[in-house]
Amino acid sequence: MDISTIPAPGGTTVASNSPLAAQPSVISSDFETFLKMLTAQMQNQDPLNPIESTDFATQLATFSGVEQQVRTNDLLSALAQQMGTGGLSQLAGWVGMDARVAAPAYFDGQPITIYPDIAATADTATLVVQNESGQEVLRQQIATNGAPINWAGTTSNGQPLPGGKYNFNVESYANGNLIASHTAQSYARVSEVKFAAGEMIVVLAGAIEVSAEDVTALREPGA
């Protein structure tokens, strides 16, 4: 029998919005409240149709399982928070460093060095630059040896571009067919590290957020 409804003499039941039947969160967090409810249930059972002892045992076992799960979830949450705090301490030294990551980069007027990821079997490669709205502003062929590229913040015809976030993709071709497309890596200054949604987040220049796991290298500023 569901403990949320309490039979009264004559076969009637106590409404589910009664003080004894409400607040399931209290049931899972306060064993004493559960025992009071169970006692009230026994006192108000129909004497012509008493509740089987096995039903009480089932209710106790169910409550015990729920209570244990609640405690386990609380412990896991506390552990995750401790791990996050410890991770922040370890990553505190990243603030002010330059982090290398495959992500959009913020152009502030200074050239951006791009590290392309080109397929080994490619015979040609193309760098594609898009602004924050996804508009293509540059498309140029590059060497397939993976050498770094300095982008000065200009379009295909040499026109200067305003500051902002830009995406850098490298397309690899073989015999004229596109075989791979990857986001190029670049360095950006780390302005903040934080713990959010269960993972460590690195905030780069321009408020660009990436997972700490995506950072492939760190270097001193200006190195």
Side-chain angles (χ1 to χ4, degrees), residues 71-120 125-140 142-156 158-172 180-223:
R71 290 181 178 178
T72 300
N73 291 342
D74 290 342
L75 289 173
L76 289 175
S77 298
L79 180 60
Q81 185 174 8
Q82 291 177 2
M83 293 177 64
T85 303
L88 283 175
S89 299
Q90 294 178 358
L91 298 184
W94 288 21
V95 177
M97 301 282 286
D98 287 344
R100 178 169 163 173
V101 63
Y106 185 80
F107 175 64
D108 60 359
Q110 298 298 317
I112 296 176
T113 302
I114 303 165
Y115 299 83
D117 182 5
I118 302 173
T126 301
L127 172 66
V128 180
V129 182
Q130 297 174 319
N131 60 20
E132 191 171 359
S133 62
Q135 179 183 2
E136 186 176 302
V137 296
L138 173 69
R139 176 179 286 268
Q140 71 176 41
I142 58 176
T144 59
N145 59 4
I149 304 165
N150 286 322
W151 181 66
T154 59
T155 63
S156 299
Q159 294 296 318
L161 290 166
K165 299 178 184 177
Y166 290 88
N167 298 295
F168 303 93
N169 293 313
V170 176
E171 299 177 346
S172 300
S181 179
H182 298 103
T183 300
Q185 296 190 32
S186 61
Y187 279 98
R189 188 68 48 84
V190 178
S191 60
E192 179 186 0
V193 292
K194 61 183 181 181
F195 183 71
E199 66 174 335
M200 302 303 303
I201 301 297
V202 177
V203 183
L204 305 175
I208 296 172
E209 297 185 358
V210 299
S211 171
E213 296 181 353
D214 294 335
V215 175
T216 59
L218 288 169
R219 70 182 185 186
E220 294 288 344

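In what follows, every heavy atom counts, from backbone to side chain, and hydrogens, waters and symmetry copies are set aside.
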Test your reading of the model: is there a side-chain donor-acceptor pair from [X] to the backbone of [Y], 3.5 Å cut-off?
{"X": "Ser156", "Y": "Arg139", "answer": "yes"}
{"X": "Ser172", "Y": "Ile118", "answer": "no"}
{"X": "Ser191", "Y": "Val203", "answer": "yes"}

Nearest 0.5 angstrom please: [X] [atom1] to [Y] [atom2], how far?
{"X": "Ser186", "Y": "Ile208", "atom1": "OG", "atom2": "CD1", "value": "8.0 Å"}
{"X": "His182", "Y": "Glu171", "atom1": "NE2", "atom2": "CD", "value": "11.5 Å"}
{"X": "Leu138", "Y": "Tyr166", "atom1": "CG", "atom2": "OH", "value": "11.0 Å"}
{"X": "Leu161", "Y": "Thr154", "atom1": "CG", "atom2": "OG1", "value": "6.5 Å"}

Between [X] and [Y], which heavy-atom pair has the shortest distance, and what is it?
{"X": "Phe168", "Y": "Ala105", "result": "CE1-CB, 3.8 Å"}
{"X": "Glu192", "Y": "Val95", "result": "CA-CG2, 4.3 Å"}
{"X": "Arg219", "Y": "Met97", "result": "O-CE, 3.5 Å"}
{"X": "Thr216", "Y": "Gln185", "result": "OG1-OE1, 2.7 Å"}
{"X": "Glu199", "Y": "Ser211", "result": "OE1-OG, 3.3 Å"}
{"X": "Asn131", "Y": "Ser133", "result": "OD1-OG, 2.8 Å"}

Check: Phe107 and Ile112 side chains under 4.5 Å, non-hydrogen atoms: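 The answer is yes; the side chains approach within 4.5 Å.
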